[in-house]
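Heads up: the structure comes next, in structure tokens.
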Amino acid sequence: MITSVELSKKAEKDILKLPNHIQRKLRLWINDVERLGLGEVQKISGYHDEPLKGERKGQRSIRLNIAYRAIYTIKENGIIEFAYVEEVNKHDY
């Protein structure tokens with residue numbers, strides 16, 4: 001069960017530029033993953049967790065609101081699996 005979230009340097013920089021309410025939603029997602037496990041959090045419809053296609057195949061995203069999403073990958077480090085947030089961006093629709 002994945003209960004660890006790590007942020008890339010890019011994600012850390014991206015987060016500093018986000019509105020406060022988007023930062024809070026991302027922190028809530030991280031807390032939920034650490035408390036419940038990624039498998040359970042993926043079932044929560046409010047996050048709209050989905051696999052990505054095309055150039056981003058192998059990555060997943062969660063929606064932080066209609067405009068912002070966080071892109072993450074499930075990584076294996078030895079036998080420890082964790083979600084690695086690669087970036088947080090304003091999605092182009």
Side-chain angles (χ1 to χ4, degrees):
M1 177 166 67
I2 297 172
T3 59
S4 178
V5 176
E6 185 176 310
L7 300 173
S8 71
K9 295 284 186 201
K10 179 176 180 0
E12 289 175 1
K13 288 181 182 178
D14 292 343
I15 291 166
L16 295 175
K17 300 174 191 172
L18 297 174
N20 288 334
H21 68 284
I22 302 298
Q23 290 181 26
R24 280 193 301 273
K25 181 133 186 207
L26 180 59
R27 281 194 296 269
L28 179 62
W29 179 80
I30 291 169
N31 289 337
D32 285 348
V33 170
E34 291 173 347
R35 189 172 46 89
L36 302 171
L38 182 60
E40 289 300 312
V41 175
Q42 287 176 329
K43 297 175 188 176
I44 299 172
S45 62
Y47 290 121
H48 300 278
D49 190 306
E50 57 193 4
L52 299 178
K53 300 175 186 174
E55 293 176 6
R56 293 200 177 261
K57 187 173 182 172
Q59 297 176 325
R60 298 185 66 87
S61 74
I62 58 165
R63 292 188 200 163
L64 302 172
N65 76 357
I66 193 134
Y68 288 92
R69 66 183 182 171
I71 311 288
Y72 75 94
T73 307
I74 298 171
K75 299 271 188 177
E76 290 184 43
N77 185 6
I79 57 171
I80 301 167
E81 291 183 308
F82 59 95
Y84 184 71
V85 179
E86 298 191 25
E87 65 184 274
V88 181
N89 61 31
K90 196 163 188 177
H91 186 58
D92 296 325
Y93 287 100

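Note that the coordinates shown come from a computational prediction; the quantities given were computed from them, not determined experimentally.
- A salt bridge (charged side-chain N to carboxylate O under 4.0 Å, His left out) with Glu87 is found for exactly one of Lys9, Lys13, Arg56, namely Arg56.
- Taking CD of Glu6 as the reference point, atom CZ of Phe82 lies at 4.5 Å (rounded to 0.5 Å).
- Closest non-hydrogen pair, Gln59 versus Thr73, comes out as CG-OG1, 3.6 Å.
- Within the structure, every pair that satisfies the side-chain hydrogen bond (donor to acceptor under 3.5 Å, both in side chains) test and touches residues 25-34, not counting sequence neighbours, is listed here: Asp32-Arg35, Asp32-Tyr47.
- Within the hydrophobic cluster formed by Ile, Leu, Val, Met, Phe, Trp and Tyr side chains joined at under 4.5 Å, directly or through other members, Leu52 is accompanied by Ile71.
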request  = Please assess Gln42 against Arg60 for the test side chain to side chain contact (heavy atoms under 4.5 Å, CB included), listing each intermediate value before the final yes or no.
outcome  = CA-CA 10 Å; Gln42 287 176 329; Arg60 298 185 66 87; 3.2 Å; yes
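- Between Val85 and Ile15 there is no side-chain heavy-atom pair separated by less than 4.5 Å.
- In terms of heavy atoms, Ala83 sits closest to Leu38 at CB-CD2, 4.5 Å.
- Taking NE2 from His48 and CZ from Arg69, the interatomic distance works out to 13.0 Å, rounded to the nearest 0.5 Å.
- Side-chain contact of Tyr68 with Asp14: a donor-acceptor pair under 3.5 Å is absent, judged by distance alone.
- Minimum interatomic distance between Asn65 and His21 (heavy atoms only, all atoms of both residues): ND2-NE2, 4.0 Å.
- Atom CD1 of Ile44 is separated from atom CG of Leu36 by 6.0 Å, given to the nearest 0.5 angstrom.
- In this structure, the separation between CG on Leu26 and CD1 on Ile62 is 6.0 Å, given to the nearest 0.5 Å.
- A distance of 8.0 Å separates CD1 of Ile2 from OH of Tyr72, quoted to the nearest 0.5 Å.
- In plain terms, the two heavy atoms of Lys10 and Glu86 that are nearest each other are CB-O, 3.9 Å.
- Within the 4.5 Å cutoff, the side chain of Val41 has no heavy atoms near those of the Asp49 side chain.
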